[in-house]
**Student:** 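This is the structure I have questions about; it appears just below.
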Amino acid sequence: MMAEKPEGLNKCLRDFSEEARELYLNQSVPYLELPPAPLEFYRDWIGPNKPCIIRNAFNHWPALSRWSPDYFREKLGSKVISVAVTPDGYADAVSDGRFVMPEERSMTFSSLLDVIEGKVEQPGVYYVQKQCSNLTEELPELTADIEEDIPWMSQALGRSPDAVNFWMGEASAVTSLHKDHYENLYCVISGEKTFILLPPSDRPFIPYGLYPPAVYRQAADGRFEVDEQTDAEKVPWIPLDPLDPDLERYGSYRGARPLLCRVAAGEMLYLPSLWFHHVRQSQGCIAGAASLLPHYYYITTTSLIMLLPRQAEPGLHRWCCLTTTSLLLHHYYLTTTATTSLLLLLHHYYLTTTATTSLLPHHYCYYITTTSLLHHYYLTTTATTSLLPH
């Protein structure tokens, strides 16, 4: 189990999140009455990494008037699609200490509609949720009803969408709290989606764990079993349910300030990359999303480890580690350099760490220094993180 963070560091992290809200984050998700120009969208929303709901952005799409159960039955009735099936609606979520994925079932579109409309009773919760550009790959018959490319978004990021997804399912289907590395535009065609959003600066309050992966399997008698994948690596995921947070177990979540927003039919949510989100929808809600990787996205890591014997103390080593990480995201350039040294001084071990974080263009600088004395070890850590426009 990881050691508790020093109270001074906890205070710094709490202050960081609070000051981010005071500096530039909105208290609620704002509405735009018209889609913005590409430069305006980049400057006001992509660059600052802030969500917004955009109205009148796809009024011209035929999908708004065409997409209905009758239309789907006529156009796609015999089409075989991939549907996620779970016992309780929670797919890709932590359950009983495991990260459980849904059963992926192939079925005709008409069979799915029978379940959603209540014409056929089936155990489990059904949801079309595949995020591998399933609209263009599995349902190309529907692409004429939408725009696969949102012009002002593609111009702002300098690229076309990496994926165009289609979602449709029951109200019990829930998307657990997680984050994506994509810029997302969620377009609700019918019904309503409800989002719980948390900014990246609230990451210190959000618990993570490593969980063995598993998959739901429905037995012949209708019961759902969990098939654990023992030969797979553990999955990092968020165990907390923001609808009913266990604050006794995850007390740090008290510091988070989630935003609640509802996206109605005809509205579009811009969800920036790295924002945490939890999603619910009305029964039979139909929605789509265009997902784009940030225009510039580079990660480089360099590590240098030296183990040097000390003649004064046979078997004792001096350990030095230098790590540099660079990330170019949107118009932010992130660099991190950390140096850790373990030295012998008067038969005491000294480990030091120093960290500095700077956020620009908000001209916000954040410094963390942590010192702790554990047994005969003296710990200090220093790290430097810079976010700069490229």
**Student:** Taking atom CD1 of Ile81 and atom CZ of Phe109, what is their separation to the nearest 0.5 Å?
**Tutor:** 5.0 Å

**Student:** Any heavy-atom pair between the side chains of Ser65 and Tyr71 that's under 4.5 Å?
**Tutor:** no

**Student:** Side chain of Arg257, backbone of Arg254: donor and acceptor closer than 3.5 Å?
**Tutor:** yes

**Student:** Determine whether a donor-acceptor pair (N or O, by modelled atom type, separation under 3.5 Å) exists between the side chain of Glu103 and the backbone of Gln218.
**Tutor:** yes

**Student:** Indicate every side-chain donor-acceptor pair of residues 92-102 with a distance under 3.5 Å to a residue at least two apart or in another chain.
**Tutor:**
none

**Student:** Going only through I, L, V, M, F, W and Y residues with side-chain contacts under 4.5 Å, is there a path from Val128 to Val80?
**Tutor:** no

**Student:** Would you call Arg21-Asp202 a salt bridge at under 4.0 Å N-O?
**Tutor:** yes

**Student:** Side chains of residues 242-249: which donor-acceptor pairs under 3.5 Å do they make with residues two or more places apart or in other chains?
**Tutor:**
{"unit_1": "Asp246", "atom_1": "OD1", "unit_2": "Glu248", "atom_2": "N", "d": "3.3"}
{"unit_1": "Asp246", "atom_1": "OD1", "unit_2": "Arg249", "atom_2": "N", "d": "3.2"}

**Student:** Under 4.0 Å between a Lys/Arg side-chain N and an Asp/Glu carboxylate O for Glu141 and Lys75?
**Tutor:** no

**Student:** Checking the side chain of Ser110 only, and the main-chain atoms of Gly77 only, is there a donor and an acceptor separated by less than 3.5 Å?
**Tutor:** yes

**Student:** Would you give me the side-chain donor-acceptor pairs under 3.5 Å for residues 185-201, sequence neighbours excluded?
**Tutor:**
{"unit_1": "Lys193", "atom_1": "NZ", "unit_2": "Tyr127", "atom_2": "OH", "d": "3.1"}
{"unit_1": "Lys193", "atom_1": "NZ", "unit_2": "Gln281", "atom_2": "OE1", "d": "3.2"}

**Student:** So which atom in Val29 and which in Cys52 form the shortest heavy-atom distance, rounded to 0.1 Å?
**Tutor:** CG1-CA, 3.7 Å

**Student:** Can you tell me how far the CG atom of Leu139 sits from the CG atom of Asn134, to the nearest 0.5 Å?
**Tutor:** 6.0 Å

**Student:** Can you list, by chain and residue number, the hydrophobic cluster partners of Val125 when the side-chain cut-off is 4.5 Å?
**Tutor:** none

**Student:** Please find the pair of heavy atoms, one from Val164 and one from Glu148, that lie closest to each other, and give the distance.
**Tutor:** CG2-O, 3.7 Å

**Student:** When you measure from the side chain of Glu267 to the backbone of Arg55, do you find a donor-acceptor pair of N or O atoms at a distance under 3.5 Å?
**Tutor:** no

**Student:** Check Glu117 with Arg73, please: is the shortest side-chain N to carboxylate O separation under 4.0 Å?
**Tutor:** yes

**Student:** Working to the nearest 0.5 Å, report the span between CG of Asn184 and CE of Met153.
**Tutor:** 7.5 Å

**Student:** Whether Arg217 engages the ring of Phe224 as a cation-pi pair (distance to the six-membered ring centre under 6.0 angstrom, angle to the ring normal within 45°) should be assessed.
**Tutor:** no

**Student:** What ring-ring contact (aromatic ring centres under 6.0 Å, His included) pairs are there with at least one residue in residues 141-165, not counting sequence neighbours?
**Tutor:** Phe41-Trp152

**Student:** Please state whether the rings of Trp67 and Phe72 are parallel, tilted or perpendicular, taking 30° and 60° as the class boundaries.
**Tutor:** tilted

**Student:** Roughly how far, to the nearest 0.5 Å, is CE of Met168 from CD1 of Ile286?
**Tutor:** 4.5 Å

**Student:** Grouping I, L, V, M, F, W and Y whenever their side-chain heavy atoms are under 4.5 Å apart, do Val279 and Leu240 come out in a common cluster?
**Tutor:** no

**Student:** Give me the atom names and distance for the closest heavy-atom approach of Pro213 to Ala232.
**Tutor:** CG-CB, 3.6 Å

**Student:** Are the side chains of Phe58 and Leu64 in contact, using a 4.5 Å heavy-atom criterion?
**Tutor:** yes

**Student:** Determine whether Val215 and Val226 make a side-chain contact, defined as any pair of heavy atoms from C-beta on separated by less than 4.5 Å.
**Tutor:** no

**Student:** For the residue pair Trp237 and Ser176, establish whether any side-chain heavy-atom pair is separated by less than 4.5 Å.
**Tutor:** yes

**Student:** Is there a donor in the side chain of Asp149 and an acceptor in the side chain of Ser154, or the other way round, less than 3.5 Å apart?
**Tutor:** yes

**Student:** Set out, in order, the CA-CA distance, both residues' side-chain angles and the distance that settles side-chain contact (heavy atoms from CB on, under 4.5 Å) for Glu147 and His60, then state yes or no.
**Tutor:** CA-CA 9 Å; Glu147 281 181 316; His60 55 292; 3.2 Å; yes

**Student:** If you group Ile, Leu, Val, Met, Phe, Trp and Tyr by side-chain heavy-atom gaps below 4.5 Å, do Leu269 and Trp275 land in one group?
**Tutor:** yes

**Student:** Using side-chain heavy atoms (C-beta onward) and a distance below 4.5 Å, is Leu25 in contact with Leu259?
**Tutor:** no

**Student:** Which pairs, with at least one residue in residues 224-235 and sequence neighbours excluded, count as a side-chain hydrogen bond (donor to acceptor under 3.5 Å, both in side chains)?
**Tutor:** none

**Student:** Would you check if Met107 and Tyr126 make a side-chain contact, meaning some heavy-atom pair closer than 4.5 Å?
**Tutor:** yes

**Student:** What heavy-atom pair brings Tyr42 and Ala156 nearest, and what distance separates the two atoms?
**Tutor:** CD1-O, 3.2 Å

**Student:** Do Leu112 and Tyr216 land in one hydrophobic cluster if side-chain heavy atoms of ILVMFWY residues count as linked below 4.5 Å?
**Tutor:** yes

**Student:** Check this for me: Tyr182, atom OH, are more than 12 non-hydrogen atoms of other residues, nucleotides or ligands nearer than 6.0 Å?
**Tutor:** no

**Student:** Decide yes or no for Met268 and Ile53: does some side-chain heavy atom of the first lie under 4.5 Å from some side-chain heavy atom of the second?
**Tutor:** no

**Student:** With side-chain contact (heavy atoms from CB on, under 4.5 Å) as the test, would you mind laying out the steps for Ser291 and Asp162 before giving the verdict?
**Tutor:** CA-CA 6 Å; Ser291 301; Asp162 295 272; 5.6 Å; no

**Student:** Do Phe276 and Ile238 come close enough that some side-chain heavy atom pair is under 4.5 Å?
**Tutor:** yes

**Student:** Looking only at side chains, do His277 and Asp180 share a donor and an acceptor under 3.5 Å apart?
**Tutor:** yes

**Student:** Working to the nearest 0.5 angstrom, can you tell me the gap between Thr108 OG1 and Leu76 CG?
**Tutor:** 10.5 Å

**Student:** Can any side-chain N or O of Asn56 pair as donor or acceptor with the backbone N or O of Glu33 at less than 3.5 Å?
**Tutor:** yes

**Student:** To the nearest 0.5 Å, what is the distance between CZ on Arg105 and OG on Ser82?
**Tutor:** 11.0 Å

**Student:** Linking I/L/V/M/F/W/Y whenever their side-chain heavy atoms sit closer than 4.5 Å, directly or via other members, would Leu157 and Leu39 fall into one cluster?
**Tutor:** no

**Student:** Mind running side-chain contact (heavy atoms from CB on, under 4.5 Å) on Ser172 and Asp88 for me, showing each step along the way?
**Tutor:** CA-CA 7 Å; Ser172 300; Asp88 56 3; over 6 Å; no

**Student:** What are the two closest non-hydrogen atoms of Asn165 and Lys130, and how far apart are they?
**Tutor:** OD1-O, 3.6 Å

**Student:** Would you name the heavy atoms of Pro140 and Thr143 that are closest together and state the gap between them?
**Tutor:** O-OG1, 2.8 Å

**Student:** Please evaluate residues Ile116 and Gln283 with respect to the criterion side-chain contact (heavy atoms from CB on, under 4.5 Å), reporting the C-alpha separation (whole Å), side-chain torsions for both, the decisive distance (0.1 Å), and the verdict.
**Tutor:** CA-CA 7 Å; Ile116 292 176; Gln283 184 72 13; 4.0 Å; yes

**Student:** When you check the gap from the basic side-chain N to the acidic O, do Glu40 and Arg43 get nearer than 4.0 Å?
**Tutor:** no

